[in-house]
Number of protein chains: 2
Amino acid sequence: MVIRGSTPMGMPSGVPEVVIMRLPQYIRILSEMLAGGVEMVSSQQLGEMLQVTPAQIRKDLSYFGRFGKQGRGYNVKGLLAELKEIMGLDRSWNVGLVGVGRLGRAILSYPGFAPEGFHIIAAFDADPNLVGRVIGNLNVQSMNELDTVVKELDISIGIVAVPSRHAQGVIDRLMDCGIKAILSYAPIAPQGQAGVKIRNIDPVLSLQTMTFYLSSGSAED
Amino acid sequence: MVIRGSTPMGMPSGVPEVVIMRLPQYIRILSEMLAGGVEMVSSQQLGEMLQVTPAQIRKDLSYFGRFGKQGRGYNVKGLLAELKEIMGLDRSWNVGLVGVGRLGRAILSYPGFAPEGFHIIAAFDADPNLVGRVIGNLNVQSMNELDTVVKELDISIGIVAVPSRHAQGVIDRLMDCGIKAILSYAPIAPQGQAGVKIRNIDPVLSLQTMTFYLSSGSAED
DNA sequence: TGTTGACTGTGAAATTATGCACTAATAGAA
DNA sequence: TTCTATTAGTGCATAATTTCACAGTCAACA
């Protein structure tokens with residue numbers, strides 16, 4: 001799928017979604033390299049670490065500009081900064097969590113979000129017994145307050161951690177609030193409106209995509 | 001990517017990986033329909049629920065055989081059974097978990113695996129303080145026992161829930177034991193050997209693939 | 001100041017995936 | 001029985017993605 005339409009600040013448009021899906025991986029490797037003191041990296045080296053061809057990396061980057069030096073490769077720090085800016089990862093994002101059951105609490109206590117700029121600053125639950133309680137530094141709020149709080153706190157990303165039978169309803173509510181990016185942990189096939197990005201975390205589905213290869217005896221990778 | 005090579009029981013080979021990635025989703029929807037008492041379904045209806053074109057569903061299924069009736073559609077129960085068999089989901093799989101920290105325990109207590117036939121029947125940890133303890137009905141075992149236990153209990157899938165700096169090492173150990181399917185929760189780009197399938201559960205990466213669309217102001221879906 | 005080796009950026013080609021549109025089959029109505 | 005409305009399966013066209021391969025640039029060094 002290709003991203004059509006114009007973008008505000010002169011950002012090149014027409015970037016395939018597959019490319020967008022790969023950039024965060026480049027960012028991650030580059031971060032590791034920067035932490036490791038590496039200054040320059042070639043598409044060859046980057047490709048080896050990510051198991052993709054060097055040509056693909058160069059082509060991906062070419063959608064956004066020219067970041068390398070012929071004969072030298074890429075400056076790790078510089079490329080990292082560029083990619084972060086392109087992806088909107090040079091800033092922090094306010095995230096709202098819906099569902100503070102066992103899974104929701106695990107998400108709240110997951111230490112991996114904040115260092116990457118994702119701050120869960122509000123938690124909601126439909127259960128009146130949970131509303132008003134403080135869980136992981138957050139005061140659990142009623143679903144009735146969703147719209148108000150999303151706007152007041154400038155929340156642009158929603159995380160859904162409710163039982164699957166309620167997940168689509170919650171996703172609909174979030175979209176009604178103007179949320180355009182949703183991370184759902186529910187094992188369902190979510191229906192999203194146009195212009196809304198939804199990603200699923202679904203370990204069972206992940207396992208199910210591997211068993212074919214186990215049973216078919218295929219030795220391919 | 002296309003799956004090359006022959007398969008033992010006359011299973012058609014040459015099935016693109018994208019197709020394999022979609023089949024579990026078909027299976028999920030079909031299960032829901034079966035539970036809902038639906039008897040027949042057309043590719044049109046299935047496509048609407050999954051947001052894919054009917055043609056794609058028919059094409060995907062055609063890699064494996066002919067399951068529908070012209071003018072009628074597919075028998076839900078029958079198609080579900082066929083797809084489960086194709087994917088190796090008509091049986092149960094033994095799973096080993098490495099890492100019983102907070103994340104590992106959350107995985108052990110996740111109720112979604114067993115009903116789908118994935119049984120975590122062994123848990124390992126490198127921490128001597130954890131070895132020997134009973135967590136979630138399982139006796140935590142030392143990493144030294146990995147190879148023996150994997151073979152004894154016929155474990156064919158590994159789940160990795162260790163800190164990221166140890167993840168690649170654990171993945172290597174699992175591959176050395178002959179494990180061909182690994183689900184990793186570590187936020188790294190894992191290096192796998194040929195013939196080994198690795199899937200990542202990485203919520204941060206998922207979030208990072210969405211922010212581009214939030215910042216670019218693109219209204220596309 | 002040439003010359004060499006390394007490596008990017010990019011059109012073109014190859015490959016892979018998707019969607020169209022048609023044929024054939026089927027059930028049910030008239 | 002015949003007609004109509006559906007819908008699967010599929011060859012082919014189109015679209016998307018990946019890879020190739022090479023011109024152009026750069027740094028290092030003789």
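Protein chains get the first letters and strands the later ones, always in sequence-line order, with residue 1 at the start of each. All values below come from the heavy atoms of this structure, side chains included, with hydrogens, waters and symmetry mates left out.
- Taking atom CE of B:M40 as the reference point, atom P of C:dG28 lies 10 Å away to the nearest angstrom.
- Each of B:R58 and A:Q56 lies near DNA chain D, and the nucleotide nearest B:R58 is the one positioned closer to the 5' end.
- Contact check, A:Y63 against D:dT18: no side-chain N or O comes under 4.0 Å of OP1 or OP2.
- One can place CG of A:L61 at 13 Å from C1' of C:dC7, the figure rounded to the nearest angstrom.
- Screening A:L79, A:V76, A:I29 against A:L34 for a side-chain contact (heavy atoms from CB on, under 4.5 Å) leaves a single residue, A:V76.
- Defined by atom type and a distance below 3.5 Å, a donor-acceptor pair is present between the side-chain atoms of A:Q168 and A:D172.
- Of the residues listed (A:I171, A:L103, A:I198), the one engaging A:V160 in a side-chain contact (heavy atoms from CB on, under 4.5 Å) is A:I171, and it is the only one.
- Along DNA chain C, the nucleotide nearest A:R72 and the nucleotide nearest A:A55 are compared for position; the residue whose nucleotide lies closer to the 5' end is A:R72.
- Nucleotide D:dT18 holds its P atom 12 Å from the CE atom of A:M21, rounded to whole Å.
- In this structure, the CG atom of B:N75 is 13 Å from the P atom of D:dA8, given to the nearest Å.
- Looking at the side chain of B:T53, the nearest of the listed nucleotides D:dT17, C:dT10, C:dG19 is C:dG19.
- Comparing atom distances between the A:P16 side chain and each of C:dT18, D:dT17, D:dA8 picks out D:dT17 as nearest.
- Neither OP1 nor OP2 of D:dT7 sits under 4.0 Å from any side-chain N or O of B:S43.
- The local environment of CD in B:Q51 is crowded, with over 12 non-hydrogen atoms from other residues, nucleotides or ligands closer than 6.0 Å.
- In B:K77, the NZ atom is not crowded: 12 or fewer heavy atoms of neighbouring residues, nucleotides or ligands sit closer than 6.0 Å.
- A donor N or O paired with an acceptor N or O is found under 3.5 Å between the base of D:dA8 and the side-chain atoms of B:Q70.
- For B:K59 against C:dG19, a side-chain N or O and a base N or O form a donor-acceptor pair under 3.5 Å.
- Atom-to-atom, CZ of B:F64 to P of D:dA8 comes out at 18 Å; the value is rounded to the nearest Å.
- Nearest to the side-chain atoms of A:Y74 among the listed nucleotides D:dA27, C:dG19, C:dG9 stands C:dG9.
- As judged by a 4.0 angstrom heavy-atom cut-off over every strand, B:G71 is placed among the base-contacting residues.
- Atom CG in B:L50 sits roughly 17 Å away from atom C1' in C:dG19 (whole-Å rounding).
- Of the two residues contacting DNA chain D, namely A:D60 and B:Q44, the nearest-nucleotide position lying further toward the 5' end is that of B:Q44.
- Distance B:E17 CD to D:dT17 P: 16 Å, rounded to the nearest Å.
- The nucleotide whose nearest atom lies closest to any side-chain atom of B:S42 is, among D:dT7, C:dA17, D:dA27, D:dT7.
- As a whole-Å value, the separation of A:I57 CD1 from D:dC20 C1' is 16 Å.
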